[in-house]
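The structure appears right after this line, and notes come after that.
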Amino acid sequence: MAASLLTFIFFLLVQLLNNTFSLEIHFYNQSCPRAELIVNSVVRKHVLQDPSIPAGLLRLHFHDCLNGCDASILIDSTEDNIAEKEAPPNLTLRGFEVIDDIKASLEDECKGVVSCADILAMATRDSVALSGGAAYALPTGRRDSTVSTIANVHIPSPSFPFSAALSVFQSIGLDLVDMTTLLGAHSVGFCHCGFFIDRLYDFEGTGLPDPAMDTGLLDTLRQQCPPHVVTLNNISKDPTVFMDQQTKTPFRLDASFYHGVVDRRAVLQLDQELDFTDLTSKLAVKYANNPKSFIKQFSKSMIKLGSTNVLTGEQGEIRQNCRRVNG
């Protein structure tokens, strides 16, 4: 009896600790009541100046969460450490200045309270809402990592085989539905030609274009991405195209991306492969025909993504400057 009682008490303590250190809605209600309003205001200002900001923040948040949603992607390199943002897949990331702006405003409001990890998650949520998505209820309470190293970066390439990309998603607790849905973020923003140039001229070393690409899209992209100007090693000179070639509103998050998948007009190889498996092709058709179902699931998958391997409680820290660890 005594052993059973002790086991029960231990179970209750574990549950209490888990609940104490878990994410929660309106985490800053008491400690910084205006936090979410301030984030929204700053994000809105930046989006009005540059409608491509939501795409940048979505990608920044995603790349951060692949190694835990702990704002490690925001840390700058130092003399003795090369940070995550210097890894080749991260060199085209954008939106750091938005996070810096929000952090400065929040430090003025309530110094040392709101984490950079939460700022990035909230800013991404608000940018999604401003670009056509839903303002989903986002649990907060993340803390910031004190470590960022290039060796920890494992991001799927746009030319990854579908199964390999899925394995990366599954490694952080996301499933096939989440992957298919989150790739719908490719309905907004730009893409560097270097990420798909092989599909246009030398697919898998054949010397020919990807046979799965619509010929009309192939002609269009070849005009925008001639091979001699693609220089991924010098990103500033690498041309860009709109990610979603199906839409007249390239900065609006919607289901148009899935029309492109179904019509073989997806720009990236990974995106196009959504049409090649049974479940993902059915989801693509479902989202294309019922855009509201896409927006609803996108919100669910973003919440799930943003809860991946977070730091809470006494773990990590609350950075004073999102670009460097304290002290």
Side-chain angles (χ1 to χ4, degrees), residues 13-33 35-36 38-39 42 57-87 90 93 95-126 138-155 168 171-174 302-327:
L13 287 172
V14 170
Q15 290 298 106
L16 179 61
L17 285 171
N18 286 340
N19 289 337
T20 301
F21 296 148
S22 63
L23 304 181
E24 60 184 79
I25 303 295
H26 303 311
F27 178 84
Y28 296 105
N29 261 8
Q30 300 300 319
S31 58
C32 191
E36 297 206 26
I38 290 171
V39 173
V42 176
L57 290 175
L58 274 163
R59 190 161 175 253
L60 187 60
H61 182 46
F62 175 68
H63 281 222
D64 185 49
C65 288
L66 283 178
N67 193 38
C69 302
D70 57 9
S72 55
I73 194 68
L74 304 177
I75 296 176
D76 287 340
S77 295
T78 61
E79 289 184 359
D80 57 357
N81 179 65
I82 302 176
E84 291 176 27
K85 63 169 60 172
E86 304 297 334
N90 293 334
L93 291 177
F96 296 101
E97 74 286 354
V98 180
I99 305 304
D100 291 340
D101 198 359
I102 296 170
K103 181 63 172 176
S105 297
L106 285 172
E107 287 296 290
D108 287 342
E109 178 77 10
C110 38
K111 187 175 181 63
V113 173
V114 184
S115 70
C116 299
D118 273 343
I119 290 172
L120 179 53
M122 289 188 287
T124 303
R125 183 270 312 274
D126 291 345
L138 179 72
T140 45
R142 298 166 188 78
R143 287 173 64 87
D144 300 326
S145 173
T146 58
V147 177
S148 178
T149 175
I150 192 172
N152 289 336
V153 176
H154 306 286
I155 296 173
V168 173
S171 71
I172 60 171
L174 303 181
M302 284 297 294
I303 294 170
K304 191 173 176 181
L305 171 68
S307 302
T308 300
N309 297 328
V310 296
L311 302 176
T312 58
E314 297 301 313
Q315 298 173 317
E317 64 182 15
I318 305 296
R319 269 183 239 140
Q320 298 171 4
N321 182 322
C322 291
R323 291 178 179 264
R324 58 177 180 266
V325 299
N326 297 340

### Query
Does D144 reach the side chain of L311, with side-chain heavy atoms less than 4.5 Å apart?
no
### Query
Mind checking what makes salt bridge (charged side-chain N to carboxylate O under 4.0 Å, His left out) contact with E317, not counting sequence neighbours?
none
### Pairwise side-chain contact, S72 with V147, heavy-atom cut-off 4.5 Å (strictly under)
no
### Interatomic distance, I318 atom CD1 to L106 atom CG [nearest 0.5 angstrom]
11.5 Å
### Query
Do V153 and N67 come close enough that some side-chain heavy atom pair is under 4.5 Å?
no
### Task
Calculate, to the nearest 0.5 Å, the distance between atoms SG and CD1 belonging to C116 and I73 respectively.
13.0 Å
## Note on the structure
Value for CD1 (I155) from CZ (F62), rounded to nearest 0.5 Å, stands at 7.5 Å
### Task
Could you give me the CA-CA distance, side-chain angles and deciding distance for H154 and L66, then say whether side chain to side chain contact (heavy atoms under 4.5 Å, CB included) is met?
CA-CA 8 Å; H154 306 286; L66 283 178; over 6 Å; no
### Query
With a 4.5 Å limit on heavy-atom distance, are the side chains of M302 and H61 in contact?
yes
### Query
Does some side-chain heavy atom of V39 sit less than 4.5 Å from a side-chain heavy atom of D126?
yes
### Query
Stepwise, does the salt bridge (charged side-chain N to carboxylate O under 4.0 Å, His left out) test hold for R319 with E107?
CA-CA 10 Å; R319 269 183 239 140; E107 287 296 290; over 6 Å; no
### Task
For E109, check salt bridge (charged side-chain N to carboxylate O under 4.0 Å, His left out) against everything at least two apart and list the hits.
R34
### Query
With side chains defined as the heavy atoms from C-beta onward, is the minimum distance between I102 and M122 less than 4.5 Å?
no
### Task
Can you measure from SG (C32) to CD1 (I38) and round to the nearest 0.5 angstrom?
5.5 Å
### Task
May I ask you to test the L305-I172 pair for a side-chain heavy-atom distance under 4.5 Å?
yes
### Message
Under 3.5 Å, is there a donor on one side chain and an acceptor on the other for N90 and E84?
### Response
no
### Summary
d(S145 OG, D64 CG) to nearest 0.5 Å is 8.5 Å
### Task
With sequence neighbours excluded, tell me which residues meet salt bridge (charged side-chain N to carboxylate O under 4.0 Å, His left out) with K85.
D76
### Query
Would you find a donor on one side and an acceptor on the other, under 3.5 Å apart, between the side chain of E86 and the backbone of A83?
no
### Message
Are L74 and I99 packed together at the side-chain level, in the sense that at least one heavy-atom pair is separated by less than 4.5 angstrom?
### Response
yes
### Query
What is the distance from atom OG of S115 to atom CG of D70, rounded to the nearest 0.5 Å?
10.0 Å
